Amino acid sequence: MAVKKVALACSVCGSRNYMVAKKPTRVERLEVKKFCKFCGQHTLHKETM
């Protein structure tokens with residue numbers, strides 16, 4: 001069985017830089033501060049479908 005993955009999108013430029021495993025126990029969308037190579041700074045990244 002393959003692991004389903006979702007992308008993390010930058011809240012500033014909208015680029016999808018990171019992929020994370022989708023967990024069925026997580027009810028809210030994941031939000032973390034990550035480095036965006038397109039913006040050149042640490043920004044908030046949100047889980048997308």
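Keep in mind that the numbers below use all heavy atoms, side chains included, and drop hydrogens, waters and symmetry copies. Owing to the predicted nature of the structure, the values given are computational and were not obtained by experimental measurement.
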Cluster link Leu30 to Tyr18, ILVMFWY, side chain under 4.5 Å: yes
Note: Asn17 and Cys10 closest approach over all heavy atoms is ND2-CB, 4.4 Å
Of all heavy-atom pairs linking Met19 and Lys5, the shortest is CE-CB, 4.0 Å
Just how far is it from atom SG of Cys13 to atom NZ of Lys37, taken to the nearest 0.5 Å? 11.0 Å
Same cluster or not: are Phe35 and Val12 linked, directly or through other Ile, Leu, Val, Met, Phe, Trp or Tyr residues, by side-chain heavy atoms under 4.5 angstrom apart? no
Just wondering, do Thr48 and Lys46 contact through their side chains at under 4.5 Å, heavy atoms? no
Are Val32 and Val20 connected into the same hydrophobic cluster when the rule is that any two of I, L, V, M, F, W, Y join if their side-chain heavy atoms are below 4.5 Å apart? yes
Using a 6.0 Å cut-off, check whether atom CZ of Arg26 has over 12 heavy atoms from anything other than its own residue. yes
Here the gap from His45 atom NE2 to Lys33 atom NZ, rounded to the nearest 0.5 Å, amounts to 11.0 Å
